[in-house]
Colleague: 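Before we start, here is the structure in question, set down as structure tokens.
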Amino acid sequence: MAAQITRTVKVGNTMGLHARPAAQLVHIANRFKADLKLRRTDGKGSDADCRSVLAMLMLAACKDTELELRASGDDAAEAVESLADFFERNFDEK
């Protein structure tokens, strides 16, 4: 059984997690086999599948929103690193 990895990420982009970065996040998630979920740490909403643009947008994650990234599966550690790096780079936007 593969271990579950959890990491907290923060939306640093001034425009939040909008359509373009949501689509890029889904593109990154699809490179991995791991089951990948995001959830707001403030308890609003439910788990969002990282392979769904709509689910990413439904998080309504504006600037400074903290999200819990959870991954399980063979390449979970690599997937978490890649997605967390995308958040740390502010979605490659200003």
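Both backbone and side-chain heavy atoms feed into the values below; hydrogens, waters and symmetry mates do not.
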Colleague: Among all residues two or more places apart in sequence or in another chain, which pass the side chain to side chain contact (heavy atoms under 4.5 Å, CB included) test with Ile5?
Modeller: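 If we apply the side chain to side chain contact (heavy atoms under 4.5 Å, CB included) test to Ile5, skipping adjacent residues, the hits are Ala76, Ala77, Val80.
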Colleague: Is there any ring pair (Phe, Tyr, Trp, His ring centres under 6.0 Å) pair reaching into residues 59-92, and which pairs are they, with sequence neighbours excluded?
Modeller: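 Every ring pair (Phe, Tyr, Trp, His ring centres under 6.0 Å) pair that includes a residue of residues 59-92, provided the two are not neighbours, is Phe86-Phe91, Phe87-Phe91.
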Colleague: Is there a donor-acceptor pair under 3.5 Å between the side chain of Asp35 and the backbone N or O of Ser72?
Modeller: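 No; judged by distance alone, with no hydrogens or angles, the pair does not exist.
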Colleague: Evaluate the side-chain proximity of Cys50 to Leu69: yes if any heavy-atom separation is below 4.5 Å, no if none is.
Modeller: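 Answer yes - side chains close enough.
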Colleague: Atom CZ of Arg20 and atom CG of Leu25: how far apart are they, to the nearest 0.5 Å?
Modeller: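 Reported to 0.5 Å precision, the distance equals 11.0 Å.
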Colleague: Suppose the criterion is side-chain hydrogen bond (donor to acceptor under 3.5 Å, both in side chains): which pairs have a residue in residues 56-66, not counting sequence neighbours?
Modeller: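 Sorted result for residues 56-66: empty, none.
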Colleague: Among residues at least two apart in sequence or on other chains, which ones pass side chain to side chain contact (heavy atoms under 4.5 Å, CB included) with Lys44?
Modeller: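 Arg40, Asp42.
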Colleague: Report the residues that fulfil salt bridge (charged side-chain N to carboxylate O under 4.0 Å, His left out) with Glu68, sequence neighbours left out, ordered by chain and then residue number.
Modeller: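 For Glu68 the salt bridge (charged side-chain N to carboxylate O under 4.0 Å, His left out) partners, ignoring immediate neighbours, are Arg70.
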Colleague: Asn30: what forms a side-chain hydrogen bond (donor to acceptor under 3.5 Å, both in side chains) with it, not counting sequence neighbours?
Modeller: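 So Asn30 forms a side-chain hydrogen bond (donor to acceptor under 3.5 Å, both in side chains) with Arg51.
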Colleague: Heavy atoms, side chains only, cut-off 4.5 Å: are Leu36 and Leu83 in contact?
Modeller: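 They are in side-chain contact.
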Colleague: Would you please name every residue forming a side-chain hydrogen bond (donor to acceptor under 3.5 Å, both in side chains) with Thr6, sequence neighbours left out?
Modeller: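 With sequence neighbours excluded, Thr6 shows a side-chain hydrogen bond (donor to acceptor under 3.5 Å, both in side chains) to no residue whatsoever.
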Colleague: Output all residues satisfying ring pair (Phe, Tyr, Trp, His ring centres under 6.0 Å) with Phe32, sequence neighbours left out; order by chain, then residue number.
Modeller: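 Checked Phe32 against ring pair (Phe, Tyr, Trp, His ring centres under 6.0 Å); zero matches.
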Colleague: I need the Thr8 OG1 to Leu67 CG distance, nearest 0.5 Å.
Modeller: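 Going from OG1 on Thr8 over to CG on Leu67, the span is 9.0 Å.
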Colleague: Given a cutoff of under 4.5 Å between side-chain heavy atoms of I, L, V, M, F, W and Y, with clusters grown through shared members, what are the other residues clustered with Leu54?
Modeller: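 Members besides Leu54, by chain and number: Met58.
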Colleague: Among pairs that include at least one residue of residues 35-55, which meet ring pair (Phe, Tyr, Trp, His ring centres under 6.0 Å), considering only residues two or more places apart or in two chains?
Modeller: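 Non-adjacent pairs meeting ring pair (Phe, Tyr, Trp, His ring centres under 6.0 Å): zero.
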Colleague: Locate the shortest heavy-atom distance separating Ala61 from Val11; write the atom from each residue and the value.
Modeller: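 Where Ala61 meets Val11 most closely, the heavy atoms are CB-CG2, 3.9 Å.
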Colleague: Got a salt bridge between Asp47 and Arg39, using NZ or NE/NH1/NH2 to carboxylate O under 4.0 Å?
Modeller: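 A salt bridge links Asp47 with Arg39.
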Colleague: What residues, two or more places apart in sequence or in another chain, satisfy side-chain hydrogen bond (donor to acceptor under 3.5 Å, both in side chains) together with His18?
Modeller: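 With neighbours one apart ignored, the set is Glu93.
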Colleague: Can you give me the closest heavy-atom contact between Ser82 and Ile28, atom names plus distance?
Modeller: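 Ser82 and Ile28 have their closest heavy atoms at OG-CG2, 3.4 Å.
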Colleague: For the residue pair Ala19 and Leu57, what are the closest heavy atoms and their distance?
Modeller: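 Smallest heavy-atom distance, with atoms named: N-CD2, 3.7 Å.
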Colleague: As an exercise, state the distance from CG of Leu38 to OG of Ser52, rounded to the nearest 0.5 Å.
Modeller: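 Between atom CG of Leu38 and atom OG of Ser52 there are 11.5 Å.
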Colleague: Might you point out which heavy atoms bring Pro21 and Gly16 nearest each other, and give the distance in Å?
Modeller: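 The pair with the smallest heavy-atom distance is CG-O, 4.2 Å.
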Colleague: By side chain to side chain contact (heavy atoms under 4.5 Å, CB included), which residues pair with Glu81, not counting sequence neighbours?
Modeller: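 By the side chain to side chain contact (heavy atoms under 4.5 Å, CB included) rule, Glu81 matches Arg7.
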Colleague: Counting only heavy atoms from other residues, nucleotides and ligands, does the tally under 6.0 Å from CD of Gln24 exceed 12?
Modeller: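 Enclosed.
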